[in-house]
There are 2 protein chains.
Amino acid sequence: MSGTEERELVAKWRDLSTCYNNVACDLDRELQDQHGLGLSEFEALDRLIESGQDKLRMHELAEGMYLSQSAFSRTVARLERAGLVGRSMCMDDRRALFVTATDAGRSRHAEARDTHRKVLAHHLG
Amino acid sequence: MSGTEERELVAKWRDLSTCYNNVACDLDRELQDQHGLGLSEFEALDRLIESGQDKLRMHELAEGMYLSQSAFSRTVARLERAGLVGRSMCMDDRRALFVTATDAGRSRHAEARDTHRKVLAHHLG
DNA sequence: AGACGTTACATGCACGTGCATCAAATGCAC
DNA sequence: GTGCATTTGATGCACGTGCATGTAACGTCT
């Protein structure tokens, strides 16, 4: 690999990193300040509601979210503690848990959604 | 903003997020396993050495690194504890500290640099 | 049925991070 | 000069994360 290629590669990585961190930082701050939601909390709530399903297994909801299993488990626990989602037993498979959005969760999501989209539009639009 | 535009925006953000996390995760793991360096530690060391300067003020080195001042301070502290950089007083401004790479720091960087570039090439090449 | 590996979630722990704050040195106004 | 805001870097604290592990409920194979 030539020095020029290397420098381009590193520059590309720094751009990616800078861009991601700018958006994530801004997003987290806005969601936290205006709606009391962390970024991963919003992301989980958003995926749950946008899925169209009224209940999803933990494992299904976790798919595609860049969080470890433990981090995701705690994220849902925080959402539950805040009254935004509920967890219920799954009778087909008693190891699994269903996650459902509460009314409070739906309305909080509706509010936060605008903030989320606005920040994204500002950075990526 | 139309629903289509929104979905595109969210999709773009998820792509960015996914891509960044994949690279960062892989990079951190490889650097940690093979060279005992965290990602932010490598990044700081890399910027210090690639700067061409043999010493930089903390504040200068921190520029462009997506870390809070406190996180950066601790990152350099870890590098110092590992013997990879040294900190020395700056006589022009006695608040400031100079950071310099040690020989151990330079050789560790030389080793880790290949790993770093290889991971970047694999993901972004 | 019994044994064993696998899957789904939760939890103890160590660690890196950001925020707020602190101490010290500097610059600036007067 | 004195006073005060600003800058530089360190630190206490709370918190989110990943890793390893634990627990319980599957599935499979004999």
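A, B, ... follow the sequence lines: proteins, then strands. Residue 1 opens every chain.
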Sequence neighbours excluded - salt bridge (Lys or Arg N to Asp or Glu O under 4.0 Å) pairs with any residue from [range]:
range	answer
residues 32-41 of chain A	A:E41-A:R78
residues 57-76 of chain A	none
residues 82-99 of chain B	B:E80-B:R87, B:D93-B:R95

Could you check which residues of residues 29-59 of chain A get a heavy atom under 4.0 Å from DNA chain D? Sort them by number, please.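 Contacting residues: A:S40.
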
Mind running a 4.0 Å heavy-atom check of residues 67-100 of chain B against DNA chain C and sending the residues that fall below it, in number order?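 Hits under 4.0 Å, by residue number: B:L67, B:S68, B:S70, B:A71, B:R74, B:T75, B:R78, B:D93, B:R94, B:R95.
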
Could you report the tightest heavy-atom contact between B:L79 and B:L45, atom names first, then the distance?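 Nearest pair, atom of B:L79 first, then B:L45: CD1-N, 4.3 Å.
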
Could I get the full list of side-chain hydrogen bond (donor to acceptor under 3.5 Å, both in side chains) partners for [X], not counting sequence neighbours?
X	value
B:S107	none
A:T115	A:Q34, A:H35
A:S51	none

Covered region of DNA chain D, 5' end to 3' end, by chain A [heavy atoms, under 4.0 Å]: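 Extent of the interface on DNA chain D: D:dG16 to D:dC26.
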
How about CG on B:D15, more than 12 heavy atoms from neighbouring residues, nucleotides or ligands closer than 6.0 Å, or not?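 Atom CG in B:D15 is crowded, with more than 12 foreign heavy atoms closer than 6.0 Å.
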
B:H123 and B:D26 side chains, donor-acceptor separation under 3.5 Å: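 There is such a pair between these side chains.
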
Trace of the side-chain contact (heavy atoms from CB on, under 4.5 Å) decision for A:H122 with A:E30: CA-CA 13 Å; A:H122 177 255; A:E30 295 291 315; over 6 Å; no

Using five base pairs at each end, measure the axis-to-axis angle across the helix from C:dA1-D:dT30 to C:dC30-D:dG1 and round it to 10 degrees.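 Computed from the C1' atoms at both ends, the axes differ by 20°.
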
For residues 88-114 of chain B, which residue pairs pass the ring-ring contact (aromatic ring centres under 6.0 Å, His included) check, not counting sequence neighbours?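 Of all non-adjacent pairs touching residues 88-114 of chain B, those that pass ring-ring contact (aromatic ring centres under 6.0 Å, His included) are B:F42-B:H109.
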
Pairs flagged by ring-ring contact (aromatic ring centres under 6.0 Å, His included) wherever residues 61-82 of chain A is involved - sequence neighbours left out: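 As it turns out, there is no ring-ring contact (aromatic ring centres under 6.0 Å, His included) pair with a partner in residues 61-82 of chain A once direct neighbours are skipped.
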
